[in-house]
Amino acid sequence: MKKPYQKYVTFSGRLLIVGFGSIGSGVLPLILRHIAMPRKHISIITGDKRGAAIAKKEKISFRIEPLTKKNFKKIIDASLGVGDFLLNLSVDVSSVDLIEHCQKRGILYLDTVVEPWAGGYADPTLSLSDKSNYGLREKILALRNRTKRETTAVSCHGANPGIVSHFVKCALLQIAKDTGHHTAVPGTKQEWGMLMRDLGVKVVHIAEYDSQTAPAAKEVGRFENTWSVDGFYSEGINQPCEMGWGTHEKNFPADGRRHTHGSGAGIYLTRPGAATLVRTWTPEHGAFFGRAVTHNESISIADYYSLRKGSKTVFRPTVHYAYRPCDVALLSVEECLGNVSIQQKEQRILMDEIDRGMDELGVLLMGHKKGAYWYGSQLTIEQARRLAPYQNATGLQVTAGVLGGMIWAMEHPRAGIVEADEMDFKRIMEIITPYLGRMTGRYTNWTPLANRKAREDSSADFTDPWQFNNFRFF
Ligand code: NAD
């Protein structure tokens, strides 16, 4: 007989899922499996009919009513009150406004990205800094300073941003063990920063290679991907390339800009991340060029591990995403950029049509005694299908993170506004690991400087091999 799924927590409140695209549809069965709550307490409000058949099959109330700046308070208040849960898996809905409202009403909250209202990325009155993930995160931090640390709101807990923050902690402890660096498990932000610094880690890549393919070629005029097309377009093309900026860096990028407010943990480049190639490495694929697409975790991880002496930051790692999207998404990006960055009218998220491939998603920590260490999830499409319905390998890595974050929030309902780096990594790893395929840790002597042509290298200063010089400018 099949073993029943473990219920990690009992939740007596109501749950409203806002947005029911690839991630919403994928997480629903995981919620039903692992959180003890009546189905009738769950409802979905979304922007279009996608996912309606899944909601019907799972007997969950489903309504199309896009949230706007005008109507969102009324819609939330009609569905939720103190102690209930809002799970925001939409695009085009302001995370800041939703969190602020949930804080006022005592409603638990989780999202996977900081989103503005529709049009927020294309607003010509906003600067690149305002549109950046740094700028959006600063708004969440400002809200956190304005609110009392009461009802829990988890900001950005999918795969990345999300569970990769927990991978960083696992990787640091493994490197400490393998290099004979005796340490207890750090208990504070300061202790984690000191551990990273003492191990010599200077650079963290979120290194992801998505090799999922479908037999049919990409259609001309259609943006295809393994997760939100709108989400990828926003972060890859509308927002600027961004990264957490390490204290060891000697060469400032020619089109690099510093933000004039906030933590100072990150910088941005005046071009999109989808058009910015960076060298990186994963165990399955070895060395490859990824895209330095902006992500919240590039800034939050850099900030979390920062060490300060008075007002001066004395240690901070360089952190950035290096994303090799699936083949059709790469073609879609090229088509879009070639069309002066105007998004294709049609879109498709690959699901049942995927015939093979893996999402290899992990963190690559560089600069320590053993060179570089990658730690993360190698999840094939076949494994993903065996583990859970309605999603591909990319989606399952994200939805496992959503599930883990929700359970943590239900277990800690009075933690205020938190980011992944501040949550209990051990508890969340326990919940998500069964859904991540093969968890792999691998050392490599690869560096971003490996196998560069002599001509290319001759102009660079390599006194510090970890300098941030692995960008290739178009
Ligand atoms: P999707 O494009 O498949 O679905 C988006 C959903 O939002 C749709 O159901 C749409 O109807 C709904 N929506 C749009 N406007 C709305 C509105 N005004 N009110 C209510 N609902 C609205 O996206 P997805 O792949 O499911 O991703 C959902 C979110 O998660 C996106 O913001 C995406 O960027 C984010 N994401 C995060 C991670 C991560 O690892 N952190 C990974 C993948 C996706």
Side-chain angles (χ1 to χ4, degrees), residues 16-28 43-55 62-72 75-76 79 86-95 97-98 110-121 133 136 154-167 206 208 210 223-236 238-239 293-298 300 321 323 325 329 343 347-351 359 361 376-377 390-405 419-420 432 436:
L16 174 65
I17 304 176
V18 175
F20 204 61
S22 76
I23 304 304
S25 308
V27 79
L28 179 63
S43 57
I44 297 159
I45 293 184
T46 186
D48 57 45
K49 63 178 188 331
R50 274 184 300 155
I54 292 173
F62 177 96
R63 193 168 97 225
I64 299 174
E65 188 174 5
L67 269 60
T68 64
K69 201 171 173 47
K70 267 193 175 163
N71 71 12
F72 79 98
I75 292 178
I76 293 173
S79 306
L86 193 157
L87 176 60
N88 178 14
L89 299 174
S90 62
V91 294
D92 288 344
V93 174
S94 163
S95 308
D97 282 357
L98 258 57
L110 182 142
D111 62 29
T112 59
V113 67
V114 185
E115 276 274 315
W117 289 111
Y121 294 120
N133 274 311
L136 291 166
V154 180
S155 174
C156 295
H157 204 278
N160 54 320
I163 62 176
V164 293
S165 288
H166 311 310
F167 293 177
I206 309 339
E208 177 175 11
D210 180 354
F223 199 124
E224 302 182 9
N225 195 13
T226 47
W227 58 282
S228 181
V229 167
D230 294 325
F232 187 28
Y233 175 76
S234 298
E235 67 184 32
N238 265 334
Q239 292 181 280
V293 169
T294 179
H295 261 198
N296 177 285
E297 77 273 16
S298 302
S300 80
Y321 188 22
Y323 180 33
Q343 190 181 350
Q347 49 178 264
R348 179 173 73 150
I349 298 179
L350 304 186
M351 286 286 166
D359 204 319
L361 169 67
S377 153
Y390 317 135
Q391 51 196 330
N392 55 38
T394 314
L396 188 51
Q397 290 166 330
V398 181
T399 55
V402 172
L403 176 75
E419 298 184 309
I432 64 179
L436 297 182

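Just follow the structure's listing: the first ligand is 1, and inside any ligand the first atom is 1. Index from 1, following the sequence.
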Begin with the C-alpha distance, continue with both residues' side-chain angles, and end with the deciding distance and a verdict on side-chain hydrogen bond (donor to acceptor under 3.5 Å, both in side chains) for E419 and S165. CA-CA 9 Å; E419 298 184 309; S165 288; over 6 Å; no
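For ligand 1, the 4.0 Å heavy-atom shell contains residues V18, G19, F20, G21, S22, I23, T46, G47, D48, R50, P66, L67, L89, S90, V91, V93, T112, V113, E115, G158, A159, N160, P161, W227, S228, G231, I349, V398.
Scanning for side chain to side chain donor-acceptor pair (under 3.5 Å) contacts around D97 gives K69, W117, with sequence neighbours left out. Not counting sequence neighbours, the partners of Y323 by the ring-ring contact (aromatic ring centres under 6.0 Å, His included) test are F232, Y321. Y233 is linked by a ring-ring contact (aromatic ring centres under 6.0 Å, His included) to nothing, counting only residues two or more places apart in sequence or in another chain.
Using cut-offs of 30° and 60° on the angle between ring planes, the pair F62 and F20 is perpendicular.
In this structure, the side chain of N71 engages the main chain of P66 through a donor-acceptor pair within 3.5 Å.
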